[in-house]
A.B. asks: 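Encoded as structure tokens, here's the structure I'll be asking about.
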Protein chains: 2
Amino acid sequence: MSQNSTGNIKQFNLGEGHRMTPQRRFVYEVLMNSKDHPTATEVFMRVKNKMDSISLATVYNCLDALVGVGVVRQVNVDREPSRYCGNLEPHAHFHCENCASVEDISLKDGAKPSNSLKLPRGAKVEKFEVVVRGLCPECALSIKTKKQLN
Amino acid sequence: MSQNSTGNIKQFNLGEGHRMTPQRRFVYEVLMNSKDHPTATEVFMRVKNKMDSISLATVYNCLDALVGVGVVRQVNVDREPSRYCGNLEPHAHFHCENCASVEDISLKDGAKPSNSLKLPRGAKVEKFEVVVRGLCPECALSIKTKKQLN
DNA sequence: ATTTTTATCAAGAACTATTCTAAATAATAA
DNA sequence: TTATTATTTAGAATAGTTCTTGATAAAAAT
């Protein structure tokens, strides 16, 4: 318990046999302060500003640990680099094919996307992931504008 | 039009500037005859039985071409190798965390998973992907049985 | 306190799915 | 027939991620 950069970030421990290290705390803090969905490399660059000695491999380790404990979500879109997300509320993701941004999409109140599926009888659902692909509002607008100019 | 292994598989052409080659036809046939969701390497191995000279790079090329034309779907689950699917009906996928199988899940009649989302105003949706993760009926059963034995 | 055990870190090597390159081949257009 | 364009192939290259190893540090046991 020697180092503990007590900030405004929720405290938690990682359970039996797992240690809350400065590296893990920085990675967690970066994710909580990021509204975008950074990749491991992006997290690495942001943490490096606070702790220059950290390595990319350690960021991967920390992300794995945090995902394993369930305080962080790993988001995969197609085969692009994994992104990480501190929003644990059930939600979907919108992936813009033009600017490659990934944004949270919230669910309509009480709605569950899985309700529209004929799930196989006897299957045990752990979680599900909904990814919408297309053009985000900004890109949809700018592309439409560009077309008008031609 | 010199080679055309006219089988029981739907005929189609790939549009201006694209040629229907024996390799592409074999890749397509393999997908139409596969109920599982083979990876590129699995498709490669299956096609190789019919055409020994084909290379993995060609299988990737053919899959890209078929996906591009829209007669085949590419399915990504987490960061596992891409899988390919000849079922063009709108449907979701179930991914078993135990046996790693991927199965189609059909939608309830008239249901659209996107109806439960608060899509950002102005966004242009191209397509969306729903992946359910958990244990398939067989694995759920066998794991439950194994627990009882302990 | 000191030792022992266990977990974590860091740097770089290794891995793997996929894409790229370049030369050969084949199909289409001129 | 010639020229153009698309495709195939083998292997090299790429990129995200994981693995390996030795060092460090924290926790547990003595």
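In what follows, chains are A, B, ... by sequence order, proteins preceding strands, each numbered from 1. Just so we're clear, the structure is a prediction, and the values are computed from it rather than from any experiment.
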A.B. asks: Taking CD from A/Q23 and C1' from D/dA23, how many angstroms apart are they, rounded to a whole number?
C.D. replies: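 About 14 Å, once rounded to whole Å.
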A.B. asks: Can you tell which of C/dA10, C/dT18, C/dC20 lies closest to the side chain of B/A40?
C.D. replies: C/dT18
A.B. asks: OP1 or OP2 of C/dT8 versus the side-chain N and O atoms of A/T58: is any pair under 4.0 Å?
C.D. replies: no
A.B. asks: At under 4.0 Å, does any side-chain N or O of A/Y60 touch on OP1 or OP2 of D/dT18?
C.D. replies: no
A.B. asks: Classify the nucleic acid contact of B/T41 as base, sugar-phosphate or nothing, counting any heavy atom under 4.0 Å across all strands shown.
C.D. replies: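 If one applies the 4.0 Å heavy-atom cut-off, B/T41 turns out to touch nothing in the nucleic acid.
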A.B. asks: Using whole Å, what does the distance between atom C1' of nucleotide C/dC20 and atom CG of B/D64 come to?
C.D. replies: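 Checked: the CG to C1' distance equals 12 Å.
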A.B. asks: Classify the nucleic acid contact of A/S82 as base, sugar-phosphate or nothing, counting any heavy atom under 4.0 Å across all strands shown.
C.D. replies: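 Sugar-phosphate contact only - A/S82 comes under 4.0 Å of backbone atoms but never of a base.
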A.B. asks: Judged by atom type as modelled, is there a donor-acceptor pair below 3.5 Å linking the side chain of B/D78 to the main-chain atoms of B/E80?
C.D. replies: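 Not a single qualifying donor-acceptor pair exists.
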A.B. asks: Nearest-Å distance, CG (A/L63) to C1' (C/dT8)?
C.D. replies: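 So the two atoms are 15 Å apart, to the nearest Å.
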A.B. asks: Using a 4.5 Å cut-off on heavy atoms from C-beta on, say whether the side chain of B/V75 contacts that of B/E129.
C.D. replies: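 Yes, side chains in contact.
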A.B. asks: With the side chain counted from C-beta on, respond yes when B/S82 and A/R79 share a heavy-atom pair under 4.5 Å apart, and no when they do not.
C.D. replies: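 When only atoms from C-beta onward are counted, A/R79 and B/S82 do touch, with a gap below 4.5 Å.
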A.B. asks: Rounded off to whole Å, could you give me the CG-to-C1' distance for the B/L14 and D/dA6 pair?
C.D. replies: 12 Å
A.B. asks: Will you find, in the side chains of B/R73 and B/H91, an N or O donor that is under 3.5 Å from an N or O acceptor?
C.D. replies: yes
A.B. asks: B/T39 side chain N/O closer than 4.0 Å to the phosphate oxygens (OP1, OP2) of C/dA17?
C.D. replies: no
A.B. asks: Under 4.0 Å between a side-chain N/O of A/T21 and OP1 or OP2 of D/dA25, yes or no?
C.D. replies: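 No, because none of the side-chain N or O atoms of A/T21 sits under 4.0 Å from OP1 or OP2 of D/dA25.
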A.B. asks: Think A/R19 has a side-chain N or O under 4.0 angstrom from the OP1 or OP2 of D/dA25?
C.D. replies: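 So the side-chain polar atoms of A/R19 never come under 4.0 Å of the phosphate oxygens OP1 or OP2 of D/dA25.
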A.B. asks: To the nearest angstrom, how far is B/R83 atom CZ from C/dA17 atom C1'?
C.D. replies: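 Interatomic distance, CZ of B/R83 to C1' of C/dA17: 13 Å.
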A.B. asks: Starting at CE of A/M20 and ending at C1' of C/dA7, how long is that distance when rounded to a whole Å?
C.D. replies: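 Computing the A/M20:CE to C/dA7:C1' distance gives 14 Å.
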A.B. asks: Given the structure, check if the side chain of A/R79 and the base of C/dT19 hold any donor-acceptor pair shorter than 3.5 Å.
C.D. replies: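 Side chain to base: no pair present.
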A.B. asks: Report the residue (B/L56 or A/I54) whose heavy-atom-nearest nucleotide on DNA chain C is the more 5′ of the two.
C.D. replies: A/I54
A.B. asks: Take atom CZ of B/R25 and atom P of D/dT7, then tell me their distance rounded to the nearest Å.
C.D. replies: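 In whole Å, D/dT7 P lies 14 Å from B/R25 CZ.
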A.B. asks: What I'd like to find out is whether the side chain of B/H37 reaches to under 4.5 Å of the side chain of B/D104, using heavy atoms alone.
C.D. replies: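 In short, these two side chains touch, coming nearer than 4.5 Å.
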A.B. asks: Counting only side-chain heavy atoms from C-beta out, which of D/dT8, C/dT8, C/dA10 sits nearest to A/H18?
C.D. replies: C/dT8
A.B. asks: Rounded off to whole Å, could you give me the CZ-to-P distance for the B/R24 and D/dT9 pair?
C.D. replies: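 So the two atoms are 11 Å apart, to the nearest Å.
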A.B. asks: If you assign each of A/Q74 and B/S53 to its closest nucleotide in DNA chain D, which residue comes earlier from the 5' end?
C.D. replies: B/S53
